Every structure is written in C-alpha cells, then in structure tokens.
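The block underneath contains the structure these notes are about, expressed in structure tokens.
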Amino acid sequence: MDTNKSPEPTQASNFIRNIVAEDIKNNKNSGKVITRFPPEPNGYLHIGHAKSICLNFGLAAEFNGICNLRFDDTNPSKEEQEYVDSIMADVRWLGFDWQERLYFASDYFERLYDFAVQLINSGKAYVCDLSGDEIRQYRGTLTEPGKESPYRNRTVEENLDLFERMRKGEFPDGARVLRAKIDMSSGNINMRDPVMYRIKHEDHQRTGSKWCIYPMYDYAHPLSDSIEGITHSVCTMEYEDHRPLYDWFLEQLDICRTQQIEFARLNITYTVLSKRKLLKLVSENFVSGWDDPRMPTIAGMRRRGYPPAAIRNFCDRIGVGKRDSMVDMALLEFCVREDLNKTALRVMSVLKPLKVVITNYPEGQYDELDAVNNPEDSSAGTRKVPFSRELYIEQDDFMEEPPKQFFRLAPGREVRLRYAYFIKCESVVKDSAGNIVEIHCTYDPATRGGDAPDGRKVKATLHWVSAAHALDAEVRLYDTLFAKEAPDDIEEGMEFTENLNPKSLEKNIAKVEPSLKSAQPGAQYQFERLGYFCVDSFDSKTGHPVFNRIVTLKDEWAKIQKTAKK
RNA sequence: UGGGGAGUCGUACAAUGGCAGUACGGCAGACUCUGGAUCUGCUUAUAGGGGUUCGAAUCCUCUCUCCCCAGCCA
C-alpha cells in the first residue's frame, strides 16, 4: 500500500497537486488517490518520462495513495520485450516501487472485447468496411465536417457477427475496423467516429497469436484506467483533445469514472526528447546506443553517472505547468553537481599532462602525502598520494605569458601543489619547434602539506600526479549532444540532426592517481578542479580504466576566457 | 478559416481579489589548500487595450502571439 519508496516527497505547489488535494478534501473517490505510469514499450525512457514518473509516484506517495506501472501494449508492431525490461529497470533505478502492481493493457484484452460488444449492443459502435484512405477522406478536415460512413447504420446483429468474425481472423489486415458512433460533424476530430479496433494478424509479445484484432489507445486507455480504479489519470497536453472521447467511453459503459489531467511535457535545452528522434539517433548510429552517455535517456544518464536523486530533485524543481517550456540544461547540471558535491570522493587526475621536473628534489626519492577524500564529508577520511621528482600538471595550468587574470603557474611564479608543496617555475624547456615539453621548478621543503610556515600566500593551487606512479586511463569528455539550444529549431527542409554537436565527445588518455586502480564500475569521483567522473560500466576493464565525465565543475577561469573572447 | 490549450524576471515554477515570490542563470563581493563548495548583495517579469473593484497577474471584455489536433501510432 505504500509507495513511499520515493525520497524527498514533492512539496512544491502545482495545479495537479492542488486538484488532488481538493478532491481529497471533498472526499471524492472516498479520499483515495490511485495514479499510474503508463509507458508504451516501444522505446527507452528519457528524462521527460522521469518527470511523469516523479509526478505520478510522487502524488501517490504524498497523498498516501498508490501508483501502478502499466504498460500500454496495444500495438504489437512497435513493441518489444527489451523495452519492457529496460523500462522496469529504469523506473526502479529512479527509486520508485510499484510493488505487485505491474499491469499490462494486454491483460485486459478480453474485458475490452466484452465492453466493445456492449457498445455494439447499445448501438454505440459499428463495424466499418471503409479502407484507410476512405476513412481519412470521410473524416473531413480541420475546418470541414466529415461525412458519415455508409456502414454506420448496420444492424446490431450484423455488427456483432462481423466483429466476432474480425476476432476469429476471417478478414485480412485493414479490411474492417470497429468504430465508435459519435459525431462526424464534431469540431473535435477525435469524436468523428474514432477507430476502436483494427485487424493486425501479428503476434503480440505477451498474448502471442491469441488476438488478431487490437484496441486503439483512445479506447484501451480510459478503460484500463477505469479497470484499475485510477482516480487521477495524468498525461501530457496533446491528449487534451482526447479527453471528451476518454470521458465518452466511460460514460457510455457507465463504469468507474477517472479524471484525466494534462500537463506540459518537458523540453530541455541542447537536447531532444521525442522517442521518434531518439530512436533515429540510435538506429542511424549518431550515438552508440540508447545508453550512450550523451543521450537524455534514463539509461544514458545512469551510464553517464547522474545520480537518481539528482534527477528526482530536478523533476521537483522544474514544477508542473500547462504551457510550452524549455528548461535550461544548467538546472539539470546544477542538480547533478549539488548531489555529487556531497557524495563524490575527490581524487587528482591530469587530463592533458605537462611534465614538471622538481630540480631540487632528489632523484629516486618519493614521499607520501595525506589528501582529504571529501571536504564535505569528514567521515570519508584521507588517503596517501605519492610525490616524486617528476610530476604532471595540467597544460591549462601553465602559461608562459599569462594575462592579468591568470593566477596559475608561469615563469618565476610560485603556486601550491595540492596537499604537497609550493613550487616555483624556474625555466621552460622547449623542443626544436618551440613547443613547451616540460617545465623546471624548485620546491620549498618547508611547505610540505601545503602550508608555508612563514605565512606567505600563493594565488593558485594546482592538482598534479606523480609521473612514475600515475596510471593511464581513458577519459571521455562529454559536451551537449546538440550545438544549438533548441535543436528542433531548423530551417525548411533541414533535419534536426544537422544541429548535432560535432564536439559532443572527446576521448583522451589521462594520468590518474594510483588510488584509482581499484575503482569499481559505476563509481563516481570528483577529479579535483576538473569535474565529476564515473567509471564506465561497460567499457572499463582492469588494466584499461575508462572514465566518463559526468559534468564539469563550475569554472571561473573558463568563464573569464569566454567573455574575453567576445 | 473548425476544435482545444497557453501567455508572470533570461529560464522554469509560485502567488487563486490584498506587499508579485522561489530556484537556476547572469553580475558584483566575502571566504577558501579545488578559480569547486559555502556566504552576501544586485539584476530583471504579470502580452496589449478597455472595464468591474477601495484594491486585479487573478474577475469581465476585445485584440495580439504561440502550441496541439485531420494514424487502422501512443
């Protein structure tokens, strides 16, 4: 009975929550709240679904109700078991629990058929022999009313007979359909005798070859909701036009009424959130798969290293409304950093190594220094990091001719190596082409641990690794999948894929501190001063570690450079 | 041009006839052994006109703009 598996119950006010609270106050539905998350198993879940999942499970949790997981599997040509499995895994990973309430619309096929017979008997449904093209023609247009089908006034007996024979498989695909008899002149096209059943001689992933007629969404959905006693059927705005039809079926059948409430679907900058487009990215190999870490899918975000709590938090913060909106990716990234800042262990890694030789440090000697694992969590403890004569620092941390705002290492300048010593740049070694190959520094032994006894200050602290002790690791630096804030904003005749970001993935070999040798798949770390990284669950192997960049740290210097360029 | 829906800081969401608020972003500063985190301050909004009211983002009215609908998809 309890779906309180969802942490941080939603407190933010939104119009749906207000409706539910009001219904409870008025003792509507005897004060019960039953919601459902109804995915079609024809693709992977994405962050837009996460919004719906958080809303539906969150509502149930907050108002002491329940939330069902129901697969809307009414179209065997598009649906697959693979998707059922991934969807369940994703919902669980997000932190929600439907307990024993796992349902399928296909479980209701027999009852749906009986209800259809009932509608035929009451003269509210008929078998129509028009072809697909003809049905479209008869439907009229947005501005012109439709025409009634010549088959509209068949007798109940004939309809019953034909519908039964449809089920028995006597007719080929497309030969006939069952239609609701409503109003061909309605301004709402959904009410112009919508199709309820179509013939598809196709096996269903759950019912096998039992059926060759399958119900349409508009018919199956309200009845499935009603069968489960759903009190609040929450869906996205494009179904608003379908609500009169949704209500019509429940009214004609005089069964348990449930209230459909629509909200605006989520859009996020620099990505797309439509199954069709995501499927295209996968099937045409623009990405490596549904779980490519650049994808806005739950599987992609999980592999990227986004914590589920961060996603839940994001869904709470974006709120729920009815207007078209585009949420800033920066908010999602903020939520990810906020979570990881509290939990991720700090380590030092150098993405683009520049060799540093400490000329006054004895050759062959090494030392171990104490480093804090997480300044936000003292219980995370400390670790030892090796220090020696030859080190690597980040190429970006050295400039031969630094501009005013550059605080890092430069000729003649002293900086701190984190947890180690103050070092001073004495000279720069270049190759014949003039490229900097290494820099020579001296260190001050008195500053061991990172503090100067004489109280002198440095303006920068750099991360580093000991050259002899560092491990090589592949790092995958991800940027937004699309280069354009609104990827769908395209010129006539162009494809959204033209807006793909060619620099969305950059791979290179980094030098990482030796403590990372035992890093487990999925483990998240903060590479100090660089960002949060996650051990890739699929490609990372002992001897060949792979780290995905989850998100960068906020970077003041990058911002200064960016504004300077403009 | 039929039907449905939506317009509040840059973005997203509140305020349901009574001081337009919160978060992210941006800007400025403090602090800092991460140019991280943290802290402080600032910035900017009710699509437009008319009306009702002591008082309107909210109610009425006209206008404008944007989104969705013509699958035997969901």
Side-chain angles (χ1 to χ4, degrees), chain A residues 12-15 18 38-40 42 72 74-75 77-79 128 130-132 135-137 139-146 173-179 185-192 194-200 213-214 216-218 220-221 235-244 262 264 266 269 275-276 314 317-335 337-338 341-342 346 348 371-372 375-376 405-408 416-420 422 449-451 457-463 526-531 552-560:
Chain A
S13 170
N14 69 61
F15 78 97
N18 294 346
E40 183 191 12
N42 69 341
D72 226 328
T74 56
N75 185 355
S77 9
K78 291 186 168 184
E79 297 153 6
C128 180
L130 254 25
S131 70
I135 286 186
R136 192 178 320 121
Q137 280 158 22
R139 187 154 36 222
T141 68
L142 292 179
T143 51
E144 302 158 38
D173 286 8
R176 295 180 219 266
V177 291
L178 183 72
R179 292 228 250 171
S185 65
S186 173
N188 182 346
I189 290 176
N190 296 121
M191 301 300 271
R192 319 237 262 230
V195 173
M196 293 166 58
Y197 272 91
R198 74 288 216 185
I199 301 171
K200 268 178 190 282
I213 56 171
Y214 292 96
M216 300 287 290
Y217 166 87
D218 278 320
H221 203 84
C235 62
T236 45
M237 292 301 290
E238 66 267 26
Y239 293 106
E240 193 149 28
D241 281 348
H242 297 243
R243 184 162 16 106
E262 309 85 11
L266 174 64
T269 54
K275 272 193 205 173
R276 201 205 103 233
F314 171 76
R317 287 181 196 237
I318 55 176
V320 182
K322 287 170 79 102
R323 55 173 137 157
D324 287 344
S325 61
M326 176 84 83
V327 175
D328 198 333
M329 177 67 93
L331 179 60
L332 214 208
E333 296 192 334
F334 170 84
C335 292
R337 289 191 192 103
E338 181 183 50
N341 176 50
K342 289 179 291 190
R346 271 59 168 174
M348 291 197 285
V372 173
E376 303 291 325
Q405 296 178 90
F406 185 84
F407 304 152
R408 281 106 93 142
R416 171 170 39 232
L417 292 181
R418 186 131 159 102
Y419 300 125
F422 284 13
D451 283 307
K457 300 282 185 205
V458 288
K459 289 190 82 175
T461 298
L462 309 187
H463 60 277
Q526 184 195 102
F527 289 4
E528 293 214 34
R529 303 208 306 134
L530 297 171
T552 60
L553 247 25
K554 280 208 328 205
D555 189 344
E556 200 66 31
W557 171 238
K559 204 188 282 179
I560 291 166

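The chains referred to below are lettered A, B, ... by the order of the sequence lines, with proteins before strands, and numbering in each begins at 1. In this text the structure is predicted, and so the values were computed from the model without any measurement.
- Remark: RNA chain B forms stems of 3 or more consecutive Watson-Crick or G-U wobble pairs, all pair distances under 3.5 Å, at B:2-7 with B:64-69, B:10-13 with B:21-24, B:26-30 with B:38-42, B:47-51 with B:59-63.
- At the heavy-atom level, Glu144(A) lies nowhere under 4.0 Å from the strands shown.
- Residues Asn188(A) and Lys459(A) each lie close to RNA chain B; by heavy-atom proximity, the contact nearer the 5' end of the strand is made by Asn188(A).
- No engagement by Leu462(A) is indicated, since no non-hydrogen atom pair under 4.0 Å with the nucleic acid exists.
- When the C1' atom is compared between C13(B) and C68(B), the two are found 22 Å apart, to the nearest whole Å.
- Judged by distance alone, with hydrogens and angles left aside, the side-chain atoms of Asn188(A) form a donor-acceptor pair with the main-chain N or O of Asp241(A) at under 3.5 Å.
- Here the separation of U38(B) from G21(B), taken at their C1' atoms, is 24 Å to the nearest Å.
- Residues passing the salt bridge (charged side-chain N to carboxylate O under 4.0 Å, His left out) test with Arg416(A): none are found, sequence neighbours excluded.
- No engagement by Leu332(A) is indicated, since no non-hydrogen atom pair under 4.0 Å with the nucleic acid exists.
- Under the side-chain contact (heavy atoms from CB on, under 4.5 Å) criterion, Ser325(A) pairs with no residue, sequence neighbours left out.
- Arg529(A) is not listed as a side-chain neighbour of Arg418(A), based on a closest heavy-atom distance of 4.5 Å or more.
- As a whole-Å value, the separation of Lys457(A) NZ from C31(B) C1' is 12 Å.
- Take Phe527(A) and apply the ring-ring contact (aromatic ring centres under 6.0 Å, His included) test, not counting sequence neighbours, and it matches Phe533(A), Phe547(A).
- In this structure, Thr461(A) and Glu528(A) have side chains that are not in contact, with every pair of non-hydrogen atoms separated by 4.5 Å or more.
- With the nearest nucleotide of RNA chain B identified for both Arg418(A) and Asp241(A), Asp241(A) has the one nearer the 5' end.
- By the salt bridge (charged side-chain N to carboxylate O under 4.0 Å, His left out) test, Arg139(A) pairs with no residue at all, sequence neighbours left out.
- Here Glu376(A) pairs with nothing under the salt bridge (charged side-chain N to carboxylate O under 4.0 Å, His left out) rule; sequence neighbours left out.
- His221(A) comes within 4.0 angstrom of nothing in the nucleic acid, heavy atoms only.
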Would you tabulate the nitrogen or oxygen pairs shorter than 3.5 Å linking the protein to nucleotides 36-43 of chain B?
from   : atom 1 : to        : atom 2 : distance (Å)
G36(B) : N2     : Glu376(A) : OE2    : 3.0
A37(B) : O2'    : Asn341(A) : ND2    : 3.1
A37(B) : O2'    : Glu376(A) : OE2    : 3.1

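- At a threshold of 4.0 angstrom between heavy atoms, the contacts of Met191(A) with the nucleic acid are absent.
- Within the nucleic acid shown, Glu528(A) comes within 4.0 Å of at least one base atom, counting heavy atoms only.
- Qualifying ring-ring contact (aromatic ring centres under 6.0 Å, His included) partners for Tyr197(A), counting only residues two or more places apart in sequence or in other chains: Phe163(A), Tyr219(A).
- Remark: C1' of A70(B) and CG of Leu142(A) are 5 Å apart, rounded to the nearest angstrom.
- When the ring-ring contact (aromatic ring centres under 6.0 Å, His included) test is applied to His463(A), no partner is found at least two apart in sequence or on another chain.
- Using a 4.0 Å heavy-atom criterion, one finds that Leu530(A) contacts no nucleic acid atom at all.
- For Phe407(A), the side-chain contact (heavy atoms from CB on, under 4.5 Å) partners two or more places apart in sequence, or in a different chain, are Lys459(A), Ala460(A).
- Across all strands, Tyr214(A) comes closer than 4.0 Å to no nucleic acid atom at all (heavy-atom distances).
- For Lys78(A), the side-chain contact (heavy atoms from CB on, under 4.5 Å) partners at least two apart in sequence or on another chain are Glu40(A), Asn42(A), Asn75(A).
- At a threshold of 4.0 angstrom between heavy atoms, the contacts of Arg416(A) include nucleobase atoms, whether or not backbone atoms are also involved.
- Backbone-only engagement by Lys200(A) is indicated by non-hydrogen atom pairs under 4.0 Å involving sugar-phosphate atoms exclusively.
- At the heavy-atom level, Lys559(A) lies under 4.0 Å from the strands shown only through sugar-phosphate atoms.
- Within 4.0 Å of Asp451(A), counting heavy atoms only, lies at least one base atom of the nucleic acid.
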**Request:** Produce a footprint string for nucleotides 9-16 of chain B: one letter per nucleotide, 5' end first; B if the base is under 4.0 Å from any protein heavy atom, S if only the sugar-phosphate is, - if neither.
**Result:** --SSSSSB

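- Nucleic acid contact class of Val195(A) (heavy atoms, under 4.0 Å, all strands): sugar-phosphate only.
- One interatomic measurement links the two molecules: CG of Asp72(A) to C1' of C73(B), which rounds to 11 Å at whole-angstrom precision.
- Residue contacts shown for Tyr239(A) include a base, since a base heavy atom lies under 4.0 Å away.
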